[in-house]
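What follows is one structure encoded as structure tokens, with my remarks underneath.
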Amino acid sequence: MLPGQKYGRVERERRFLLDEFPNSVNAVRVRRISDRYIDDTILRLREQSEDGGPAMFKLTQKVPSRASGAQQGLITTIYLTGDEFCVFAQLSAKKLSKTRYSVPPFGIDVFEGELEGLLLAEAEFDSAAEADALTPPFCFQEVSADARFTGGRLVRASRRDIQTWLLEYGIRLRPL
């Protein structure tokens with residue numbers, strides 16, 4: 001048994017690069033997400049809000065455990081109060097901000113700051129069979145097996161890194 005397997009659930013997701021935001025989609029939900037990847041850990045502190053609604057706070061641990069297909073590892077999430085969030089937010093961390101557009105079954109992330117121009121679509125699944133059956137209608141290039149396109153790696157990347165990585169997939173990052 002892997003550490004955390006008793007409490008964590010298997011995370012199955014597929015990730016895709018987009019060269020532009022798809023015109024033909026209708027987002028059913030839009031969320032602002034600010035992530036803090038706590039230094040020297042595999043913990044992510046998240047603040048998320050939706051169209052003027054109240055903020056939601058979460059602490060997530062992602063234990064990498066790649067397997068065949070879409071399995072990324074194990075994930076455990078707990079919800080926090082605003083006060084609890086403030087305690088964890090004092091820890092040293094790298095920050096990443098994005099807007100997520102829910103276009104079922106995808107969440108399309110539009111990144112901000114140093115990562116502005118990066119567009120990633122991801123879909124999560126309960127089973128390997130569901131993940132394998134997905135045929136993405138508007139995605140440019142799958143990067144599910146490329147660890148560079150995970151939040152924990154993106155938050156530590158420079159704009160130049162992102163430009164180089166995207167060029168490997170034939171995508172040019174527009175200048176800021």
Quick check: do [X] and [Y] have side-chain heavy atoms less than 4.5 Å from each other?
X    : Y    : answer
E168 : Q141 : no
I162 : E114 : no
Y169 : D146 : yes
L120 : F111 : yes
R159 : L115 : no
Y37  : R156 : yes
L17  : L118 : yes
F149 : L154 : yes

Without swapping roles, check the side chain of [X] against the backbone of [Y] for a donor-acceptor pair under 3.5 Å.
X    : Y    : value
R14  : L134 : yes
R36  : K94  : no
S144 : R15  : yes

Any side-chain donor-acceptor pair under 3.5 Å between [X] and [Y]?
X    : Y    : result
T99  : E112 : yes
T60  : R46  : no
D161 : T164 : no

Do [X] and [Y] sit in one hydrophobic cluster, given that two such residues count as connected whenever their side-chain heavy atoms are within less than 4.5 Å of each other, even indirectly?
X    : Y    : value
L91  : L80  : yes
V143 : I171 : yes
L45  : M56  : no
V25  : V30  : yes
V110 : F140 : no

For F85 and F57, take the angle between the two ring planes, folded into 0 to 90°, and tell me which bin it lands in: parallel under 30, tilted 30 to 60, perpendicular over 60.
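Rings of F85 and F57: tilted, as their planes differ by 30° to 60°.
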Residues K62, I42; criterion side chain to side chain contact (heavy atoms under 4.5 Å, CB included); working and verdict:
CA-CA 6 Å; K62 291 190 172 195; I42 53 173; 5.7 Å; no
Show the numbers, then the answer: is there a side chain to side chain contact (heavy atoms under 4.5 Å, CB included) between N26 and V103?
CA-CA 6 Å; N26 186 22; V103 181; over 6 Å; no
Shortest non-hydrogen contact from S102 to R31?
OG-NH2, 3.0 Å
